[in-house]
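What follows is one structure encoded as structure tokens, with my remarks underneath.
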Protein chains: 2
Amino acid sequence: MTTRRTGLREQKKQATRAALREAALRLALERGPGNVRVDDIAEAAGVSPRTYNNYFSSREQAIVAAITAEREARVAAALTAGPARARLADALTEAILEQYTQPRDRDEMLLVTTSPALREAFLDAAGAIEDPVAAAIGRRLGDADTSTARVLAASVAAAVRTALRQWLQPPVEPPATGGLVVPSGSLPDLLRSALAALAPALDAAEEKARQRSLR
Amino acid sequence: MTTRRTGLREQKKQATRAALREAALRLALERGPGNVRVDDIAEAAGVSPRTYNNYFSSREQAIVAAITAEREARVAAALTAGPARARLADALTEAILEQYTQPRDRDEMLLVTTSPALREAFLDAAGAIEDPVAAAIGRRLGDADTSTARVLAASVAAAVRTALRQWLQPPVEPPATGGLVVPSGSLPDLLRSALAALAPALDAAEEKARQRSLR
DNA sequence: GGCAAAATATGCGTACACGCAAGTTTGCGT
DNA sequence: ACGCAAACTTGCGTGTACGCATATTTTGCC
């Protein structure tokens with residue numbers, strides 16, 4: 001009874017949502033994202049244009065949703081499946097890295113690069129990992145301090161967004177930088193170093209939870 | 001020569017922007033936010049409706065901009081003015097708390113509560129403190145690791161957003177919580193505890209910078 | 001002062017987001 | 001099996017976002 005609420009209803013809703021996502025991605029890939037109207041997506045998914053906006057509140061949202069749809073679930077799964085004895089920060093880093101290193105999504109990752117609006121929507125969508133991460137952190141912290149878990153999860157999401165934003169940045173012409181600017185490394189490296197900055201906060205929370213449980 | 005680029009041009013731009021902000025806020029306060037159209041704001045500011053969208057890309061943005069316009073500047077000022085010997089985390093917390101505790105903005109803070117769209121825009125606008133905070137942290141860290149500063153600033157902004165979101169939440173009817181739910185404390189408390197969770201990460205970065213400067 | 005280039009303002013046209021008030025489907029109690 | 005209430009879909013209407021082409025202003029330069 002984790003996700004189910006009312007059976008057929010929920011089932012159809014998810015189906016419609018998935019149909020819209022996939023239609024949006026398919027059309028965007030074959031025509032280019034600029035040549036896809038909302039009406040086209042709705043038609044391809046077999047619903048009215050108005051219904052489209054009951055599911056997604058912007059044209060780009062459906063496209064990026066198709067790309068990031070399962071990331072959140074996979075992050076959560078990787079976190080709960082992982083060994084509980086590892087450092088929370090390490091478990092998180094591993095789980096997240098895993099999701100952004102899959103070479104399977106090559107085309108999609110290239111697609112989001114093409115338009116500013118898509119880039120923006122993609123960064124927004126990355127925030128969706130916050131909820132599962134908050135749940136996972138909350139579990140690791142013993143469900144005691146939920147609001148700390150929320151803050152840490154929000155920070156993790158922010159760090160991921162920072163890394164993604166830097167990775168998405170067009171390699172601008174260095175006008176006269178005396179070699180002081182790092183040339184925007186690979187995504188895994190960017191993610192690692194971004195999350196590394198948060199590790200002390202995660203460690204501290206973990207330690208506090210441990211002390212609480214001993215008392 | 002910090003902000004100036006070409007004199008008159010920039011000056012007029014800022015004037016137009018300010019006029020739009022203030023017109024938007026004034027109209028929203030006197031008619032209620034739902035009864036203000038973009039055309040009204042543009043007319044009140046003496047520009048064409050199209051020009052409005054050259055400055056703000058949503059109806060709500062102008063309203064919240066009027067409210068949060070100076071927050072970023074004030075945070076930056078408070079950070080650079082503060083004693084450099086204090087802990088970075090403390091300086092940050094103080095500077096931010098100061099900005100959200102001013103009783104002068106009572107009406108405005110009530111205004112953003114009234115509509116979901118406004119709440120959302122307000123949370124978005126809170127992200128504007130990221131840039132000045134990043135600059136300030138970067139300075140404190142000796143301008144060595146810019147990307148760490150960015151990540152930390154993004155996390156701080158995320159923490160602030162988390163606190164604000166919780167504060168904005170309508171006090172929902174507790175359906176059957178056995179007294180386990182904290183009843184959404186005051187904004188200063190929420191901000192303090194949110195930022196406290198990040199303090200260890202800020203400490204660690206500061207310590208690292210100190211060691212680097214000694215070497 | 002006058003001029004060419006760059007930045008900005010405006011009008012227009014198209015596509016979009018979303019509230020509202022129907023109509024339709026689903027779930028549940030009896 | 002039946003019917004009711006809640007949830008979902010749909011069409012319509014209004015207001016909004018923004019690309020593009022054009023007119024206007026500002027600036028650096030001579």
Side-chain angles (χ1 to χ4, degrees), chain A residues 1 3-21 23-24 27-28 31-65 114-121 124-125 175, chain B residues 1 3-21 23-24 27-28 31-65 114-121 124-125 175:
Chain A
M1 64 156 109
T3 48
R4 188 214 174 196
R5 228 185 338 175
T6 52
L8 224 190
R9 211 159 215 143
E10 194 67 15
Q11 198 174 333
K12 278 197 169 183
K13 245 173 66 167
Q14 296 308 330
T16 302
R17 172 168 251 111
L20 285 170
R21 274 200 305 248
L27 292 177
R31 302 185 191 178
N35 305 322
V36 184
R37 283 168 316 180
V38 168
D39 295 20
D40 301 335
I41 303 175
E43 188 184 14
V47 295
S48 86
R50 183 64 183 83
T51 297
Y52 173 92
N53 275 298
N54 289 339
Y55 284 87
F56 299 101
S57 56
S58 98
R59 193 172 58 86
E60 290 79 10
Q61 219 170 20
I63 302 177
V64 300
T114 58
S115 129
L118 273 182
R119 282 197 290 272
E120 205 47 50
D124 263 24
Chain B
M1 65 158 105
T3 49
R4 188 215 173 196
R5 228 188 339 175
T6 54
L8 224 191
R9 225 175 195 111
E10 196 66 16
Q11 198 175 332
K12 277 197 168 181
K13 243 172 68 166
Q14 297 308 333
T16 303
R17 171 168 253 112
L20 284 170
R21 275 199 305 248
L27 291 176
R31 303 186 190 178
N35 305 324
V36 183
R37 284 167 314 178
V38 168
D39 297 19
D40 301 336
I41 303 175
E43 189 184 13
V47 295
S48 87
R50 182 64 182 84
T51 296
Y52 174 91
N53 276 301
N54 288 339
Y55 284 87
F56 297 101
S57 55
S58 98
R59 193 172 58 85
E60 291 79 10
Q61 218 170 16
I63 301 177
V64 298
T114 57
S115 129
L118 272 182
R119 282 197 291 272
E120 205 48 49
D124 263 23

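Just so it is clear, the model here is predicted, and its values are computed rather than measured. So that the names make sense, note that chain A is the first sequence line, chain B the second, and so on, each numbered from 1.
- Listed for the A:Asn53 side chain is no donor-acceptor partner under 3.5 Å among the backbone atoms of A:Arg50.
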Polar atoms only, N or O, under 3.5 Å: list the protein pairs with nucleotides 23-25 of chain C and their distances.
{"residue": "C:dT25", "atom": "O2", "partner": "A:Arg9", "partner atom": "NH2", "Å": "3.1"}

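- For the pair A:Asp40 CG and C:dA15 P, the computed distance is 10 Å after rounding to whole Å.
- Distance, A:Gln61 CD to C:dC18 C1': 14 Å, rounded to whole Å.
- Proximity of residues 45-57 of chain B to DNA chain C (heavy atom under 4.0 angstrom from any strand atom) is restricted to B:Val47, B:Ser48, B:Arg50, B:Thr51, B:Asn54, B:Tyr55.
- The CZ atom of B:Arg37 sits 17 Å away from the C1' atom of C:dC18 (whole-angstrom rounding).
- Residue B:Glu10 contributes atom CD, which lies 17 Å from atom C1' of D:dG28 at whole-angstrom precision.
- Distance B:Asp39 CG to C:dG11 C1': 13 Å, rounded to the nearest Å.
- Within the 4.5 Å cutoff, no side-chain heavy atoms of A:Tyr55 are placed close to those of A:Gln61.
- When the C1' atom of D:dC18 is taken as reference, atom CD of A:Glu60 falls 12 Å away, rounded to whole Å.
- Minimum interatomic distance between B:Ile41 and B:Val36 (heavy atoms only, all atoms of both residues): CG1-CG1, 3.6 Å.
- The nearest whole Å value for the distance from the NZ atom in A:Lys13 to the C1' atom in D:dT10 is 16 Å.
- Here the closest heavy-atom approach between residue A:Asp40 and residue A:Asn35 is recorded as OD2-O, 4.3 Å.
- With rounding to the nearest 0.5 Å, the separation of CZ in A:Arg21 from CD in A:Gln14 is 7.5 Å.
- Closest non-hydrogen pair, A:Thr114 versus A:Arg119, comes out as C-NH1, 4.5 Å.
- Looking at every heavy atom in both residues, B:Ala44 comes nearest to B:Ala23 through CB-CB, 3.9 Å.
- Remark: the backbone N or O of B:Arg59 is paired with a side-chain donor or acceptor of B:Tyr52 at under 3.5 angstrom.
- Taken to the nearest 0.5 Å, the OG1 atom of B:Thr51 stands 8.5 Å off from the CG atom of B:Leu20.
- The distance between atom CG of B:Leu27 and atom C1' of D:dG15, rounded to the nearest whole Å, is 16 Å.
- The shortest heavy-atom contact between A:Ala125 and A:Val64 is CB-CG2, 3.9 Å.
- Overall bending of the helix from C:dG1-D:dC30 to C:dT30-D:dA1, expressed as the angle between end axes built from five pairs apiece, is 30° (10° steps).
- Counting all heavy atoms, side chain and backbone alike, B:Ala62 lies closest to B:Ala24 at CB-CB, 3.7 Å.
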